[in-house]
There are 2 protein chains.
Amino acid sequence: MQSKDKNTEQKILEAAKTAFMKYGLYGARMQDIADNAGINKALLHYYFRSKEKLFDQVFEGALSKYFEQMLVFSDTSLPVLERIFKYIDNIIDFLSEYPQMSMFIIKEISVDQEMFYEKVKMLKEDKGIHLISLLKEGQEKGEISNIDPVVFVMNLHSLCAYPFLASPIFKAIISSSASHWEDPGNNKLKASVKDFVAFRLAK
Amino acid sequence: MQSKDKNTEQKILEAAKTAFMKYGLYGARMQDIADNAGINKALLHYYFRSKEKLFDQVFEGALSKYFEQMLVFSDTSLPVLERIFKYIDNIIDFLSEYPQMSMFIIKEISVDQEMFYEKVKMLKEDKGIHLISLLKEGQEKGEISNIDPVVFVMNLHSLCAYPFLASPIFKAIISSSASHWEDPGNNKLKASVKDFVAFRLAK
DNA sequence: GTACAGTTTAACCAAATGGTTAACGCAAAG
DNA sequence: CTTTGCGTTAACCATTTGGTTAAACTGTAC
């Protein structure tokens, strides 16, 4: 029985993730989720009381995984630049596995900001990771240049995340420019981001 | 009468834009749009036959405005680098005015890619703008370095567009890092993008 | 004023939606 | 064998949804 529970709950979460990622909280349909999980609609409400509750679980899971990628920042055995390089690999591999993740998170935040503020606060206190403080620290130690940390963090995440967000656009635009685009393992992308970081943080 | 028509139609399009940008095609509600336009719901169907048709109009308008920003590329009186700098100013000013634009376009594309492919083809043939070909041209003339144009275009758009997409995230993260962020006129952002471009395209 | 066109509305409809209920199945416990 | 309790389902419900209809309104041309 226990195994059956887990299976059903997992199947629901899986189907819910797919649906919510694609259509968002309002756009996703409970019937769709039930169908894709291969179960009755009433079971959704048996396991998760309401659409909102189900959504919350999916969203929190996504956000949490996203934040997990930042654990490298706490690895004090590495110099700051190395940690950032590792983070770039992590985050790009992660987004490559869940390409709709950024979209999903951003989309839902734009609909309901309040919810997000609370959850970020929770997760950050939990994991205690701050790239910005890390940069300031590196600057004090003289390991990196004196750029504006906030602008840098923004640029860095832009370079990593946007290609996955906008991949449908790029596919269309590039194919219509008679160019083509292949980047197995996202190595070109990783290299170009690291190149940028090295350039910006060089003393 | 003519003016009244225009007014109503305009009010509807305005309200529809707001609703669709925030909730997407499926999430947006016709009643909401009617309310916000200050009219009866039936009028929506009088002016635009269906929800899809109304959405199409909004989406095409958005996409078209987006593409208009690329007209600088065709200004042969300027060297390639100058055109790109101007484009950066244009696109950032534009996104600053319509911060939900990228989100909206990307969101809907991820739901229905087919539709997008056709519309991009239409608009591009119409305006005939290709940054990638421009870069190749500049490389042949020896004006810019020999970077991979596709990677460069991706990086460039990442740096410009993502900050607006992710601004809710940044606000939350930055405020919880005891940092703060002000960038009137987006001048810091523009400067950092241009800095990146200059670095990448320098021979 | 009357006829006529385009514009606007209230009332309505069928379908879809999130959610509930009561009953059934079925394994484990007594 | 019966009871108990969780997992599951079909049938159902109230509300919301996009969409329609027929009548009312409004300004213009005759």
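Going from atom OH of A:Y46 over to atom C1' of C:dA22 covers 15 Å, rounded to whole Å. In this entry the distance linking OH of A:Y23 with C1' of C:dG18 reads 18 Å, nearest Å. With rounding to whole Å, B:N40 atom CG is found 12 Å from D:dG19 atom C1'. As rounded to whole Å, 15 Å separates atom P of C:dT7 from atom CD of B:Q10. Here the P atom of nucleotide C:dT20 and the CG atom of A:L43 are 14 Å apart, to the nearest Å. The distance from atom NZ of B:K53 to atom C1' of D:dG19 is 13 Å, rounded to the nearest whole Å. One atom, CZ of B:F48, and another, C1' of D:dT20, lie 18 Å apart when rounded to the nearest Å.
Under a 4.0 Å N-O distance rule, the pair A:K41/A:D35 does not qualify as a salt bridge. Ion pairing between A:E137 and A:K141 holds under the 4.0 Å rule for side-chain N and carboxylate O. The residues B:K194 and B:D89 are annotated as salt-bridged, a charged nitrogen and a carboxylate oxygen being separated by less than 4.0 angstrom.
At least one side-chain heavy atom of B:L156 sits less than 4.5 Å from a side-chain heavy atom of B:L131.
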Show the distances under 3.5 angstrom between N or O atoms of the protein and N or O atoms of nucleotides 15-18 of chain D.
from   : atom 1 : to    : atom 2 : distance (Å)
D:dT17 : OP1    : B:R29 : NE     : 3.4
D:dG18 : OP1    : B:A28 : O      : 3.2
D:dG18 : OP1    : B:M30 : N      : 3.4
D:dG18 : OP1    : B:K51 : NZ     : 3.1
D:dG18 : OP2    : B:M30 : N      : 3.0
D:dG18 : N7     : B:K41 : NZ     : 3.1

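With sequence neighbours excluded, the residues satisfying side chain to side chain donor-acceptor pair (under 3.5 Å) with A:S77 are A:D75.
A:T8 has a side-chain polar atom (N or O) that falls below the 4.0 Å cut-off from OP1 or OP2 of D:dT8. Under 4.0 angstrom from either OP1 or OP2 of C:dT8 there lies at least one side-chain N or O belonging to B:Y47.
Using bins of under 30°, 30° to 60° and over 60° for the plane-to-plane angle, the ring pair B:Y98/B:F94 lands in the tilted bin.
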